[in-house]
Amino acid sequence: GPGRPGWHIEDTAIAMKYLGSSYDIHLGGAELVFPHHEAEIAQGEALSNKKPFVRYWIHTGMLNVGGVKMSKSLGNVVTIRDALTHYTAEELRFFFANVQYRRVANFCKSKLLEARKGLELMRETVDKLSACSSGKAAGMPELLLLRDLSRAEDNFTSAMDDDFDTPKALRGLSTFLRGVGSQVRTRRELDAGTCQTVVKRVLAMANVIGVLAA
């Protein structure tokens, strides 16, 4: 008779309709592993007789507000629309990226202000690099800067390859930029061309996280 299917069947049907009998990535909260995602796997594989139903599962940790899990039943839900009245989308992305996706994120004012400050410091250094106007030939300081940049890029990639360890990736990028900020303050003669190269490559890393966009 008429009615709505159970949510396990509903999600399996939608996924198979639009993604096929086997697809790459399925995301969801850690609390959905059982029974929801296990039911999806059982249903999908039984129907198609193909394995695996999903190649990679990405289960996120809980989001806490006021020290407890955010949920409709507790009435402590903060919508994206509400959050954007106090913080920019970039600040929110930076905040969440500083928590490894499998871990619990504590949504609170102090943590968000901390994220805002960290983002401001990174942008300040990028702006200083962009403003470098020296026309002198590049020398040892520039070579060392590019060496450190290459190391930072390798560390960033390694962190992202390690189960999307965005906090580690951002720590490495922030550490590099702090060092650059010190050089800009003490070596005003840094070659402008090198500075522009550094800015371009730093933004390429930052934009993976969705921050420091022009």
Side-chain angles (χ1 to χ4, degrees), residues 4-19 23-40 54-127 156-157 159-174 177 202-214:
R4 300 181 64 181
W7 69 311
H8 307 314
I9 288 289
E10 186 176 49
D11 284 5
T12 303
I14 291 170
M16 295 186 75
K17 177 178 179 179
Y18 292 104
L19 302 175
Y23 56 97
D24 287 334
I25 300 174
H26 191 312
L27 296 88
E31 80 278 16
L32 299 179
V33 173
F34 175 84
H36 187 50
H37 291 158
E38 290 189 6
E40 283 191 62
V54 176
R55 294 180 181 85
Y56 302 99
W57 290 88
I58 295 181
H59 291 106
T60 60
M62 298 298 98
L63 177 60
N64 283 358
V65 177
V68 294
K69 174 186 171 183
M70 185 171 77
S71 65
K72 291 180 181 179
S73 60
L74 294 175
N76 63 343
V77 172
V78 179
T79 67
I80 294 294
R81 185 177 289 107
D82 291 339
L84 287 173
T85 63
H86 301 286
Y87 309 97
T88 68
E90 184 181 37
E91 288 168 347
L92 292 175
R93 286 193 294 271
F94 191 75
F95 163 76
F96 283 113
N98 270 289
V99 181
Q100 209 277 343
Y101 77 89
R102 293 184 187 274
R103 298 185 178 277
V104 173
N106 292 301
F107 194 87
C108 62
K109 184 176 180 179
S110 63
K111 292 289 185 183
L112 286 156
L113 292 178
E114 186 179 299
R116 173 179 289 171
K117 183 63 175 177
L119 189 58
E120 287 174 349
L121 291 173
M122 292 174 69
R123 186 176 292 281
E124 182 180 301
T125 300
V126 169
D127 289 345
F156 184 93
T157 299
M160 292 299 290
D161 285 348
D162 185 14
D163 197 20
F164 297 110
D165 194 343
T166 51
K168 185 176 181 180
L170 283 175
R171 283 196 302 273
L173 183 56
S174 296
L177 286 174
V202 163
L203 293 182
M205 287 185 277
N207 288 344
V208 171
I209 308 295
V211 298
L212 300 184

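- Heavy-atom minimum distance, F164 versus Q100: O-NE2, 3.9 Å.
- Ion pair D162/K168 not flagged as a salt bridge, since none of the NZ, NE, NH1 or NH2 atoms sits closer than 4.0 Å to an Asp/Glu carboxylate oxygen.
- Under a 3.5 Å cut-off, the side chain of N76 and the backbone N or O of K69 do form a donor-acceptor pair.
- Residue-environment remark: CZ (R103) stays at or below the threshold of 12 foreign heavy atoms within 6.0 Å.
- Here the closest heavy-atom approach between residue R102 and residue W57 is recorded as NH2-O, 4.2 Å.
- Heavy atoms only, all atoms of each residue included: I209 and L170 are closest at CG1-CD2, 4.0 Å.
- Closest approach of L92 and L84 over heavy atoms only: CD1-CD2, 3.7 Å.
- Annotation: R81, atom CZ; neighbour count of heavy atoms from other residues, nucleotides and ligands within 6.0 Å does not exceed 12.
- Side-chain atoms of R123 and E120, non-hydrogen and from C-beta on, never get closer than 4.5 Å to each other.
- Separating the CD atom in E40 from the CH2 atom in W7 is a distance of 8.5 Å, to the nearest 0.5 Å.
- For the atom pair M205 CE and T157 OG1, the distance stands at 8.0 Å (nearest 0.5 Å).
- Using a distance-only test at 3.5 Å, with no hydrogens or angles considered, no donor-acceptor pair links the side chain of E91 to the main chain of L119.
- Atom CZ of F156 and atom CE of M160 lie 5.5 Å apart (nearest 0.5 Å).
- No side-chain donor-acceptor contact under 3.5 Å links D82 to the backbone of V78.
- Side-chain contact between V54 and Y23: present, with at least one pair of heavy atoms (C-beta onward) separated by less than 4.5 Å.
- Side-chain atoms of E90 come within 3.5 Å of backbone atoms of L212 as a donor-acceptor pair (strictly under, hydrogens ignored).
- The two residues A159 and A169 have their closest heavy-atom pair at CB-N, 3.6 Å.
- Residue F95 comes nearest to L112 through the heavy atom pair CG-CD2, 3.7 Å, listed as atom of the first residue, atom of the second, then distance.
- Between F94 atom CZ and K117 atom NZ the span is 12.5 Å, to the nearest 0.5 Å.
- Among the candidates D165, T166, T60, D163, the single residue satisfying the side chain to side chain donor-acceptor pair (under 3.5 Å) test with Y101 is D163.
- Note: H37 NE2 to H8 NE2 = 10.0 Å, rounded to the nearest 0.5 Å.
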